[in-house]
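The structure displayed is predicted, hence computed values, not measured ones. We count residues from 1, following the sequence as given.
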Amino acid sequence: MNDMDSIRTVALYGTKPMGIEVQQTIFGFNTNGDLGRTIFKKYRIINKGNFTIREMALAMWSDPDIGSGDDDYVGCDTIRNIGFVYNGKAVDGVGAINEYGSAPPALCYDYLQGPVIPYDPLTYPIINEKHLPDSAKYDGKWIHGKTNLPMTSFVFYFKATNIYVDPELGSVQGGILMYNYMNGKTWDGDRFLDPTKTPAVPTNFCLNGDPVTGAGWYEGAGWPGGFAPGDRRMLISSGTFDFAPGDTQEVVFGIIIARGTSNINSVQELKSADDAVQKAFDQTYKITAVNQASPVIRKFQLKQNYPNPFNPATVISFQLPAGSQVSLKVYDALGTEVATLVNEYRNPGTHEVKFDAARLASGVYYYRLQAGAFVQANKMLLMK
């Protein structure tokens, strides 16, 4: 998907297109237990515009309804990087077919993998009460010298309040309000205040208390003078960073549901399930260190295959300064296509592809790389 339809972007929050493309992958596990109750959503975001987007933030917006949407509470857990929703009453709804009744479940959105930024212990020594690691997850690998931003703010809003207000659709002011929310600020750019502290303490994380233990700021008993259960919207954000043309970011959310013996016990079960899902997510990926000391790739390049001449296999490598749809094909001396080695999107970096010509006759062959507007062909010799 992309934002190139200005009519739609203006109708949303009054803003013009920025040239953003989003590639979304949704996946899950056919299994029992916590993983079987989780949906994973991976977003690859590409800046295909002509300008660097400064101080960019990414956010997951949700209007969650646990059965009936009229009796919900929301909250966040900054250690686990989650925003969650649970029933504000012991019984959900009044017995309708789409309501849970007693002991309703709870649901969370977990920032399993946040956007990647350069690791700088002086700039980001501690966020959410923990040190950021000196390695980042990206495209199924660990990259040293980078780090993943965690959830950096959580806000919620609903009708009938002059603080936690819905952004106005079709208006630039709505876009400004949404960006303020994405940075953990109120609609007018002020700071949210934790009302349980005396004096009230500014925070980027609304409702960061724990309804299970009864500690901190949370809806219900943890917010004297707060609001009754109702229909909530929430925003789980991470940022900020600069996003240059051709740059690609990747974030992964887990949507997890758990059900306990009561509406509050469901929150406890949810946090336990989230711990298991985060651990499984981390272990799913092959941990491969990437040497960040290597030169920065600044141009497209198709390298000479090695070995050359070859029999019967050789390796073809190419470099991409930016993510691109890549086609790599092999032709014989008459121009007939004999093999397609790559026909997919590839991330920035150096890539290697093995070509096995065991079934081909000796002779001259050509391999041709096309990546976006870049096209290059090289010659190789098969000698049997």
Under 6.0 Å between the ring centres of [X] and [Y]?
X      : Y      : result
Phe40  : Phe27  : yes
Phe192 : Tyr164 : yes
Phe355 : Tyr365 : no
Phe253 : Tyr111 : yes

Heavy-atom closest contact ([X] atom, [Y] atom, distance):
X      : Y      : answer
Ile163 : Trp187 : O-CD1, 3.5 Å
Pro104 : Ile66  : CB-CG2, 4.3 Å
Pro64  : Arg232 : CD-O, 3.4 Å

Scan Arg44, Lys141, Lys146 and name whichever one has a salt bridge (Lys or Arg N to Asp or Glu O under 4.0 Å) with Glu250.
Arg44
If the threshold is 4.0 Å, N to carboxylate O, is there a salt bridge linking Asp110 and Arg80?
no
When you check the gap from the basic side-chain N to the acidic O, do Asp92 and Lys89 get nearer than 4.0 Å?
no
Is any side-chain heavy atom of [X] less than 4.5 Å from a side-chain heavy atom of [Y]?
X      : Y      : value
Asn347 : Tyr138 : yes
Tyr181 : Ser237 : no
Phe281 : Thr38  : no
Leu328 : Ile316 : yes
Asp274 : Phe84  : no
Val330 : Tyr367 : yes
Met151 : Ile82  : no
Asn2   : Lys48  : no

Got a donor-acceptor contact below 3.5 angstrom from the [X] side chain to the [Y] backbone?
X      : Y      : value
Asp332 : Gly335 : yes
Ser153 : Met182 : yes
Asp3   : Pro17  : no
Asn263 : Val91  : no

Atom [atom1] of [X]: over 12 foreign heavy atoms under 6.0 Å:
X      : atom1 : value
Glu55  : CD    : no
Met1   : CE    : yes
Asp5   : CG    : yes
Phe51  : CZ    : no
Ile39  : CD1   : no
Lys384 : NZ    : yes

Using 0.5 Å steps for rounding, measure from the [atom1] atom of [X] to the [atom2] atom of [Y].
X      : Y      : atom1 : atom2 : value
Phe154 : Ile236 : CZ    : CD1   : 6.0 Å
Tyr218 : Leu207 : OH    : CG    : 11.5 Å
Met4   : Thr9   : CE    : OG1   : 9.0 Å
Tyr366 : Arg368 : OH    : CZ    : 14.0 Å
Leu382 : Leu360 : CG    : CG    : 6.5 Å
Gln249 : Phe241 : CD    : CZ    : 4.5 Å

Show the numbers, then the answer: is there a ring pair (Phe, Tyr, Trp, His ring centres under 6.0 Å) between Phe158 and Phe227?
CA-CA 10 Å; Phe158 57 102; Phe227 301 93; 4.9 Å; yes
Give me the one residue out of Asp63, Asp71, Asp72 that meets side chain to side chain contact (heavy atoms under 4.5 Å, CB included) with Asp231.
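One option only clears the test, and that one is Asp63.
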One pair to check against side-chain contact (heavy atoms from CB on, under 4.5 Å): Val165 and Tyr157. What are the steps and the verdict?
CA-CA 5 Å; Val165 298; Tyr157 45 95; 5.8 Å; no
Quick one: do the Asp194 and Thr203 side chains pair a donor with an acceptor below 3.5 Å?
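Per modelled atom types, Asp194 and Thr203 side chains form no pair under 3.5 Å.
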After noting the C-alpha distance and the side-chain angles of Cys206 and Trp217, does the key distance pass the side-chain contact (heavy atoms from CB on, under 4.5 Å) rule?
CA-CA 8 Å; Cys206 296; Trp217 179 24; 4.0 Å; yes
For side-chain contact (heavy atoms from CB on, under 4.5 Å), just list the numbers for Ile53 and Asp242, CA-CA rounded to whole Å, side-chain angles, deciding distance to a tenth of an Å, and then say yes or no.
CA-CA 6 Å; Ile53 302 173; Asp242 291 343; over 6 Å; no
Steps toward salt bridge (Lys or Arg N to Asp or Glu O under 4.0 Å) verdict (Glu352, Lys354)
CA-CA 7 Å; Glu352 293 184 347; Lys354 182 179 179 180; over 6 Å; no
